Each structure stands twice: as C-alpha cells, then as structure tokens.
Participant: 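If you scroll down you'll find the structure; I have some questions about it.
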Amino acid sequence: MTANTRLSLPETMALGGMTLALFLGAGNIIFPPLVGMQAGANAFNAGFGFIITAVLFPALAIISLAINGGDIAELTKPLGKWPSLIFIGICFLTLGVLFGTPRTATISYEVITDGAASSLMHKIIFSAAFFGLAGATLAKPGKLLEIVGFFLSPIKISALIFIGICAWLHPIGDLTTATTAYQTRAFDTGFVNGYQTLDVISALCFGAIITHTLKQRGIHHPRGIFTHSIAAAFIAAAGLAVIYICYLSMGSHSPVRGATNGMQVMSAYVETVFGVYGRVLLAAIITLACLVTAIGLTTGT
C-alpha cells in the first residue's frame, strides 16, 4: 500500500463520524433522557457535569492514546508491568464478554420485542444473527472506515440528530420535577452519571481502532496518527455534545413520570410525535446503534 501523509477531508470526516458512531451505543442514547427527566429544571447544571465525563474525558482519553502511538500498553506503562496488564485486562473484559458487548444484543432484543415474553431459542437465534452481522464486518478489517465511517455512521447519526432536534424544537409534556439528588447536587450527580456510558473506558478501545484504521489507510508516521486522532476526537466530541444536549432536553420535558430508564422516556416521545411508526423508528435506531458499537468493541478487543 502506498504510504499517505494525510487523509482527505471526506475521509477525515468519515473517521470522526465512525468514532462518534462507535461511542453512540445504547447506553449513550438512553442515559441522557433519564438524567434530563430526573434533573428537571436543573437539567443545565446536570448536563454540564454529564458532558464533562461523557464527552470531554473520552476525547482526552483518545488524545492521550494518540500521544502514545495508539498503544494502550505504552499508555499504562508507568503503572508497572503487572498493574498495567491487570488494568488492561479489566478494561477489555468489561467492554467485551463480561458486560459491554453482550449488552448491545440484549438492549436491541428488548427494544425490538418491546418487553414481550419470548423463549430462550428466540434469544439465541437473535444473538447469533446480531453477532453474525458484526462478525461479517470483522472479516474485512481493512474496510472498517468504508463500512462504518461512510455507510452505517451517517445513517445512525442522522436519525439520532433528527429525533434530538425534534425534541429540542418541539418538547412535549411539562417540565419535570427534579429528584432529591438533582435538587441539591445537580452538577455532581450528572458528573457521576456520565461515567455510566462507559465511554472513558471505551475510548481506550476506540482510540486503538482509530490508529489501526489510519495505518490501514497508509498513515504510519506518529505525527499523522496524532493529528488525525485529535481531529476524530474533536468531531466525535462535538457530535456527542449536540446529541446529549438535545436528549437531556427531551427528558426534562418528558410526559412520563417515574420512568426507571431512558428507553421509556424515548419511547413515549417518539410514539407521541411520530405515531404508530415511532416504535419502529426507535427499534431500528437502537439496533443500528448497538450493532455499530458491537463492531467497535469486538474489533478493539
């Protein structure tokens, strides 16, 4: 492959879009509406704290990884050999088989079936098909930017932004009442909840994917990897911030009271605004979001 010194503008935008799409898993979509609903009138302060840990910290993690050539082992080297190995193992086991990756199939299945009772065989078949699609992408690692960056990401991001802007411009329901935690410690509570997206840990995985993708495109010089990784981090951070702000607004004016998760808030909104097609739209978006994240987590692991 001919060595390149830089990506074209469309390729750089696709790399940033791919990074944004990898981050936007189910947790990233359902947490902001719940935070907004629980924060109510204090959604601004809660959202500020949430964005710091769910947007700024992951972007800094990608940049830190890029400074170390995209090598997580080099990043954790100051910890010492065994603490570094244990830390990396915990991170990738959490993102992989123990929690993060299985959750992508679980949430997709739940939103498609709408909580209806189903057999174990149905779940196994769905999981096999879901991870079969993710595995098909892994069979062509050199095409990750084309498959995710140029194709899946624009569809996923456009749909999420469309719903988010609708929620921002056309809120439904009255302003919710803040829970006790958000009445007294809105910023602190939002700050802590931002970690529940797992993006700070995921960034270590996705940062490695960025480096791998750049090398597949012929960019091997550390400066080129660093520059394009920063660009991808900024594009992803900007997109995450916009989407989170819109979905926080959705939750703060939710017609649902006492919801236990953000999916209930989102379901109520899309079904109210988009009618009978709202549930289908939401199921398609959540499934696509989970599929892209599953591809990213599996690739990184």
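All residue numbers refer to positions in the sequence shown, counting from 1. From a predicted model like this one, the values you see are computed outputs, not experimental measurements.
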Participant: Could you pull out all residues at least two apart from Tyr182 that satisfy side chain to side chain donor-acceptor pair (under 3.5 Å)?
Facilitator: Asn193
Participant: Could I get the full list of ring pair (Phe, Tyr, Trp, His ring centres under 6.0 Å) partners for Phe23, not counting sequence neighbours?
Facilitator: Phe206
Participant: Clusters formed by hydrophobic residues whose side-chain heavy atoms approach within less than 4.5 Å: which one holds Val192, and what are its other members?
Facilitator: none
Participant: Keeping to residues at least two apart or across chains, list the side-chain hydrogen bond (donor to acceptor under 3.5 Å, both in side chains) pairs with something in residues 17-41.
Facilitator: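 Non-adjacent pairs meeting side-chain hydrogen bond (donor to acceptor under 3.5 Å, both in side chains): Asn28-Asp199, Asn28-Tyr244.
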Participant: Residues two or more places apart in sequence or in another chain: which of them pass ring pair (Phe, Tyr, Trp, His ring centres under 6.0 Å) with Phe274?
Facilitator: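 With neighbours one apart ignored, the set is Phe162.
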Participant: Among residues at least two apart in sequence or on other chains, which ones pass side chain to side chain donor-acceptor pair (under 3.5 Å) with Ser158?
Facilitator: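 Scan of Ser158 (side chain to side chain donor-acceptor pair (under 3.5 Å), adjacent residues dropped) gives none.
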Participant: Can you see which heavy atom on Met13 is nearest to which on Ile235, and at what distance?
Facilitator: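 The pair with the smallest heavy-atom distance is SD-CD1, 3.9 Å.
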Participant: Which heavy atom of Ser84 sits nearest a heavy atom of Leu79, and at what distance?
Facilitator: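 Between these two residues, the closest heavy atoms are N-CB, 4.1 Å.
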Participant: Would you say that Val242 contacts Ile165 through its side chain, given a criterion of any heavy-atom pair below 4.5 Å between the two side chains?
Facilitator: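 No, too far: nothing below the 4.5 Å cut-off.
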Participant: My understanding is that only residues two or more places apart in sequence, or in another chain, count here; which of them pass side-chain contact (heavy atoms from CB on, under 4.5 Å) with Leu248?
Facilitator: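 Leu248 satisfies side-chain contact (heavy atoms from CB on, under 4.5 Å) with Pro32, Val35 once adjacent residues are dropped.
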Participant: Which heavy-atom pair separates Thr176 from Met37 by the least distance, and what is that distance?
Facilitator: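 Shortest heavy-atom separation between Thr176 and Met37 comes out as OG1-O, 2.8 Å.
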Participant: So, using side-chain contact (heavy atoms from CB on, under 4.5 Å) as the criterion, who are the partners of Ala73 when residues are at least two apart?
Facilitator: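 side-chain contact (heavy atoms from CB on, under 4.5 Å) list for Ala73, sorted by chain: Asp71, Ile88.
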Participant: Checking Leu24 against Thr293 for the side-chain contact (heavy atoms from CB on, under 4.5 Å) test, could you report, in this order, the C-alpha distance in whole Å, the side-chain angles of both residues, the deciding distance, and whether it holds?
Facilitator: CA-CA 7 Å; Leu24 282 172; Thr293 301; 5.8 Å; no
Participant: Do the non-hydrogen side-chain atoms of Tyr109 and His122 ever get within less than 4.5 Å of each other?
Facilitator: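 Tyr109 vs His122: side chains touch.
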Participant: Would Thr197 and Phe50 satisfy side-chain contact (heavy atoms from CB on, under 4.5 Å), going step by step from the backbone distance to the final call?
Facilitator: CA-CA 10 Å; Thr197 62; Phe50 185 90; 4.0 Å; yes
Participant: Taking side chain as C-beta onward, heavy atoms only, is Tyr269 less than 4.5 Å from Val265?
Facilitator: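 Of all side-chain heavy-atom pairs linking Val265 with Tyr269, none is under 4.5 Å.
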Participant: Apply side-chain contact (heavy atoms from CB on, under 4.5 Å) to the pair Leu214 and His220, showing each step before the final yes or no.
Facilitator: CA-CA 7 Å; Leu214 289 171; His220 298 278; over 6 Å; no
Participant: How about Thr211 and Leu65: do any of their side-chain heavy atoms sit closer than 4.5 Å?
Facilitator: no
Participant: Would you sort out whether Tyr247 and Met266 count as a side-chain contact (heavy atoms from CB on, under 4.5 Å), showing the intermediate values?
Facilitator: CA-CA 9 Å; Tyr247 282 73; Met266 286 190 64; 3.6 Å; yes
Participant: Checking Ser267 against Gln264 for the side-chain hydrogen bond (donor to acceptor under 3.5 Å, both in side chains) test, could you report, in this order, the C-alpha distance in whole Å, the side-chain angles of both residues, the deciding distance, and whether it holds?
Facilitator: CA-CA 5 Å; Ser267 296; Gln264 296 172 352; over 6 Å; no
Participant: So do Lys215 and Ile225 actually touch side chain to side chain, heavy atoms under 4.5 Å?
Facilitator: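 The answer is yes, as the side chains (C-beta and beyond) meet within the 4.5 Å cut-off.
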Participant: Donor-acceptor pair, distance only, cut-off 3.5 Å: does the side chain of His228 make one with the backbone of Thr12?
Facilitator: no
Participant: What's the shortest heavy-atom distance between Ser229 and Ile210, and which atoms?
Facilitator: OG-CG2, 3.6 Å
Participant: Is there side-chain contact between Leu291 and Thr104, with heavy atoms separated by less than 4.5 Å?
Facilitator: no
Participant: Strictly distance-based, threshold 3.5 Å: is any side-chain N or O of Lys156 a donor or acceptor partner for the main-chain N or O of Leu288?
Facilitator: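 No: the side chain of Lys156 does not pair with the backbone of Leu288.
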Participant: Got a sec, which hydrophobics cluster with Leu60, joining ILVMFWY side chains under 4.5 Å apart, including via others?
Facilitator: Phe48, Ile52, Leu56, Phe57, Phe187, Phe191, Tyr195, Val200
Participant: With the side chain counted from C-beta on, respond yes when Ser252 and Leu175 share a heavy-atom pair under 4.5 Å apart, and no when they do not.
Facilitator: yes
Participant: Compare all side-chain heavy atoms of Gln183 with those of Thr179 and state whether any distance is below 4.5 angstrom.
Facilitator: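 They are not in contact (no side-chain heavy atoms under 4.5 Å apart), so the answer is no.
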Participant: Which residue pairs pass the salt bridge (Lys or Arg N to Asp or Glu O under 4.0 Å) test with at least one member in residues 259-272, sequence neighbours excluded?
Facilitator: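 Counting only pairs at least two positions apart or across chains, the salt bridge (Lys or Arg N to Asp or Glu O under 4.0 Å) contacts touching residues 259-272 are Glu271-Arg279.
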Participant: Under the rule for side chain to side chain donor-acceptor pair (under 3.5 Å), what residues qualify as partners of Thr227, not counting sequence neighbours?
Facilitator: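 Checked Thr227 against side chain to side chain donor-acceptor pair (under 3.5 Å); zero matches.
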Participant: Only counting residues at least two apart or in another chain, list the ones meeting side chain to side chain donor-acceptor pair (under 3.5 Å) with Asn68.
Facilitator: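 For Asn68, no residue satisfies side chain to side chain donor-acceptor pair (under 3.5 Å) once neighbours in sequence are set aside.
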Participant: Hey, what do you get for CD1 (Ile285) to CD1 (Ile155), rounding to the nearest 0.5 Å?
Facilitator: 11.5 Å
